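First up is the structure itself, then whatever we jot down about it.
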Amino acid sequence: MKYKCLVTQEYAIGEYRLVPIRFEDRFEIMKWRNEQMYHLRQSEILTIESQDRYFLSVVTNLFSERQPNQVLFSYLKGNKCIGYGGLVHINWINRNAEISFIMDTLEENVHFEFHWKTYLKLIEEVAFLGLDLHKIFTFAFDLRPRLYRALEEMSYEREARLKEHCFFESKYIDVVIHCKVKNDLYG
């Protein structure tokens with residue numbers, strides 16, 4: 001499927017690509033989301049039925065909208081899906097969006113920073129060139145210091161720390177927000 005809101009549908013760096021989210025990847029995505037609930041805003045285990053329902057009722061409709069509230073991609077190495085993400089909570093008036101990304105749990109354990117940096121390069125092209133957004137940002141529970149390192153190495157600015165913003169494992173934890181504003185590289 002193709003996004004009506006994008007002229008370019010595929011973004012690539014070497015053997016790594018972002019393509020419009022593929023229906024065939026939904027169960028791998030479900031597996032990773034269930035394995036990594038600790039850092040997601042997901043309150044219950046996804047099931048085959050709930051995943052199918054989400055893809056058929058929500059994801060399918062995104063492709064035909066001129067200004068969808070999210071654009072989602074399968075992150076591929078060759079033709080194998082090893083992650084997924086996109087731009088979510090898109091604000092078309094203020095031209096900003098939150099970055100979302102999750103990768104295969106095994107890849108996360110071994111190549112976390114590499115995949116995050118590769119993904120950020122790709123999603124920046126989508127955001128700044130494809131959608132002409134002004135600003136993109138992450139909203140992350142303060143649980144993964146490796147994420148902040150990767151973001152800062154890719155010139156994302158730590159914009160805010162929301163103190164004790166989320167309740168996690170019987171205690172309140174901070175949320176850290178990093179952002180990048182469109183610059184000269186992206187016209």
Side-chain angles (χ1 to χ4, degrees), residues 1-13 15-108 112 115-116 118-141 144 147 166 175 177 180:
M1 300 193 68
K2 293 183 176 187
Y3 284 111
K4 185 179 239 177
C5 64
L6 286 170
V7 173
T8 302
Q9 299 293 313
E10 184 176 311
Y11 298 81
I13 297 174
E15 63 183 330
Y16 297 94
R17 298 182 295 143
L18 287 183
V19 300
I21 193 165
R22 304 182 311 185
F23 188 72
E24 67 201 65
D25 299 327
R26 70 194 185 286
F27 296 133
E28 282 297 312
I29 291 167
M30 178 187 76
K31 176 181 175 286
W32 303 327
R33 287 191 66 92
N34 286 340
E35 291 170 348
Q36 298 177 44
M37 280 180 60
Y38 74 95
H39 69 84
L40 302 173
R41 286 174 274 182
Q42 174 183 320
S43 59
E44 57 189 44
I45 296 289
L46 301 176
T47 64
I48 289 171
E49 295 77 20
S50 66
Q51 189 75 337
D52 276 342
R53 191 170 40 255
Y54 179 75
F55 268 74
L56 294 172
S57 65
V58 175
V59 174
T60 302
N61 294 327
L62 298 173
F63 293 100
S64 61
E65 296 177 16
R66 289 204 182 282
Q67 292 188 328
N69 64 352
Q70 58 185 334
V71 289
L72 301 172
F73 296 89
S74 294
Y75 173 67
L76 310 178
K77 180 178 182 182
N79 280 323
K80 180 178 175 16
C81 184
I82 61 168
Y84 98 104
L87 297 163
V88 300
H89 309 296
I90 299 173
N91 182 319
W92 291 100
I93 294 169
N94 297 320
R95 309 217 58 83
N96 64 54
E98 181 183 339
I99 298 166
S100 174
F101 181 55
I102 186 170
M103 71 186 82
D104 179 312
T105 306
L106 297 175
E107 287 290 327
E108 178 166 303
F112 183 89
H115 288 302
W116 258 100
T118 302
Y119 175 77
L120 288 170
K121 288 177 194 171
L122 295 168
I123 205 67
E124 286 173 20
E125 285 187 49
V126 175
F128 297 136
L129 298 177
L131 299 174
D132 192 31
L133 296 178
H134 174 69
K135 179 180 179 179
I136 53 178
F137 62 92
T138 59
F139 179 98
F141 300 156
R144 300 187 301 164
L147 171 60
C166 295
V175 167
I177 298 171
K180 185 177 268 192

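For clarity, every value in this text was computed on a predicted model and none was experimentally measured.
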Determine, stepwise, if the pair Asp25 / Tyr75 fulfils side chain to side chain contact (heavy atoms under 4.5 Å, CB included).
CA-CA 10 Å; Asp25 299 327; Tyr75 173 67; over 6 Å; no
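Checked by atom type and distance alone, the side chain of Tyr84 never pairs as donor or acceptor with a backbone atom of Ser100 at under 3.5 Å. Side chain of Asn94 to backbone of Asn96: no donor-acceptor contact under 3.5 angstrom is found. In terms of modelled atom types and a separation under 3.5 Å, the side chain of Arg95 and the main chain of Leu131 share a donor-acceptor contact. Side-chain atoms of Trp92 come within 3.5 Å of backbone N or O of Pro68 as a donor-acceptor pair. Side-chain N or O atoms of Gln51 include one that pairs as donor or acceptor with a backbone N or O of Arg26 at under 3.5 Å. Using a distance-only test at 3.5 Å, with no hydrogens or angles considered, no donor-acceptor pair links the side chain of Ser64 to the main chain of Lys4.
Note: Phe55 and Phe23 have perpendicular aromatic rings, judged against thresholds of 30 and 60 degrees for the angle between ring planes.
In this structure, Tyr119 has its ring center no closer than 6.0 Å to that of Phe73.
One finds a salt bridge joining Glu35 and Lys31 here, because a Lys/Arg side-chain nitrogen approaches an Asp/Glu carboxylate oxygen to under 4.0 Å.
Between Asn79 and Arg17, the closest side-chain pair of non-hydrogen atoms falls below 4.5 Å. For the pair Thr8/Leu129, no side-chain contact is recorded, criterion being any heavy-atom separation below 4.5 Å from C-beta on. Considering only heavy atoms from C-beta on, Phe101 stays 4.5 Å or farther from Thr138 through its side chain. In this structure, the side chains of Ile90 and Gln67 stay at 4.5 Å or more apart for every pair of heavy atoms.
Put simply, the residue from Leu18, Val58, Leu62, Leu87 that forms a side chain to side chain contact (heavy atoms under 4.5 Å, CB included) with Leu72 is Leu62.
Across all their heavy atoms, Gly86 and Ile123 have their closest contact at CA-CD1, 3.9 Å. Closest approach of Met1 to Gln9, counting heavy atoms only: O-OE1, 4.4 Å.
A distance of 7.5 Å separates CG in Leu133 from CZ in Phe128, rounded to the nearest 0.5 Å.
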